[in-house]
Protein chains: 2
Amino acid sequence: MTVKEIISLLKQSGIQPTPQRIAVAECVLRSKRHPTADAVWTSVKRKHPTVSRATVYNTLNLLVEKQLLRTHVLTDGTTVFDPHVELHHHFIDDETGEIHDIPWAALKVKGSDLLPGFDVREYQVIMRGRRKKR
Amino acid sequence: MTVKEIISLLKQSGIQPTPQRIAVAECVLRSKRHPTADAVWTSVKRKHPTVSRATVYNTLNLLVEKQLLRTHVLTDGTTVFDPHVELHHHFIDDETGEIHDIPWAALKVKGSDLLPGFDVREYQVIMRGRRKKR
DNA sequence: GTTCGTGCAAACGGTTTGCAACAAT
DNA sequence: ATTGTTGCAAACCGTTTGCACGAAC
């Protein structure tokens, strides 16, 4: 994803593309991981040493609001940001705590439309275990 | 669940059943909801006005450690305690944020054993939507 | 009398907010 | 001139910790 694409994405979403915001968006949208806000801050500071934590947090929240990102809350309460906005499942590594994305089509869930009293809008499967050593 | 049952449950788990701990355990083990630590504190204070937040937190963590409770972290980062330790799924109400337990047997998930590179120990389905008005 | 639990208050860590300075239009 | 953005520091909130007192074996 090029800087130009990021800028036009921001504009499309009604976000003024300032240098700080572009840097934040670059970092998190390109990431294959699921970075915390602080990880983004650390990364952005490399090229933009004066950026404040507040700006990073505000920008990330803005991106979530505009649906360019999703958030996940880990079991220890910290929030991570996920540029992968399409529906997918998650696998959480017991040892490292790393979150891995699992393609939607890898699993089939039956019965969610049959729950009496519940109108299910979306769902996802969260799996826990170990990565296979191989 | 009677007080006697709770006391013997605590003893079985190697937890000394003090009045405060019994009160905390009573509150959270009997609850059909998923209370936060603060909700437990508020509730326990009714009968035990001098109990401290620290004791409630310590006791809840102890119960989790001894596997009499599970925790869930909500999207806003707060932790709730779930006396329902058997495997089950969850439905989260979009409007109220309430967590509802869904019996394990209500859903069928296929494919979790087929993920290359992942050794799935457990999984659960998290659904979001609205309660049906009826 | 040693161990364990309690209550208080202070510390903590991640996140937010208030505010003054500063673009940008 | 108005509107919106930034950086700083302080506030915030849920949770944990340090410590002295007190109860129990």
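Below, chains carry the letters A, B, ... as their sequence lines are ordered, and counting in each starts from 1.
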Response to the item:
Per nearest nucleotide of DNA chain C, the residue lying toward the 5' end, A:F81 or B:T50, is B:T50
Worksheet item: Are any of A:T78's side-chain N or O atoms less than 4.0 Å away from OP1 or OP2 of C:dG13?
Response: no
Worksheet, complete the sentence: Of C:dT15, C:dA9, C:dT17, the nucleotide closest to the side chain of A:A54 is C:dT17
Worksheet item: B:T18 side chain N/O closer than 4.0 Å to the phosphate oxygens (OP1, OP2) of D:dA23?
Response: no
Discussion item. What's the closest nucleotide to the side chain of A:A37 if the choices are C:dT15, D:dT5, D:dG7?
Written reply: C:dT15
Discussion item. With a cut-off of less than 4.0 Å, is there a side-chain N or O of B:Y57 near OP1 or OP2 of D:dT15?
Written reply: yes
Item to complete: Check the distance between C:dC8's P and B:N58's CG and give it to me in whole angstrom.
Response: 14 Å
Discussion item. Side chains of B:H72 and B:H34 only: does a donor on one sit below 3.5 Å from an acceptor on the other?
Written reply: no
Discussion item. Return the CG to CZ distance between B:D119 and A:R131, rounded to the nearest 0.5 Å.
Written reply: 11.0 Å
Worksheet item: Just to confirm, is there a sub-4.0 Å distance from OP1 or OP2 of D:dG4 to any side-chain nitrogen or oxygen of A:Q16?
Response: no
Worksheet item: Does D:dG7 have OP1 or OP2 sitting under 4.0 Å from an N or O in the side chain of A:T55?
Response: yes
Worksheet item: Could you state the CH2-P distance from A:W41 to C:dT16, rounded to the nearest angstrom?
Response: 15 Å
Discussion item. Parallel, tilted or perpendicular: which one describes the rings of B:Y123 and B:W104, with boundaries at 30° and 60°?
Written reply: tilted
Item to complete: Would you indicate what B:N61 reaches in the nucleic acid, counting non-hydrogen atoms under 4.0 angstrom: base, sugar-phosphate, or nothing?
Response: sugar-phosphate
Fill in: Atom-pair distance (CG on B:L62; P on D:dT16), nearest Å
13 Å
Worksheet item: For C:dG5, does OP1 or OP2 lie under 4.0 Å from any side-chain N or O of B:R21?
Response: yes
Worksheet entry | Side-chain heavy-atom pair B:K11, B:P17 within 4.5 angstrom cut-off | yes
Worksheet item: Which listed nucleotide (C:dT17, C:dG7, D:dG7) is nearest to the side chain of B:S52?
Response: C:dG7
Item to complete: Anything under 30° is parallel, anything over 60° is perpendicular, the rest tilted; go ahead and classify A:H84 against A:H88.
Response: parallel
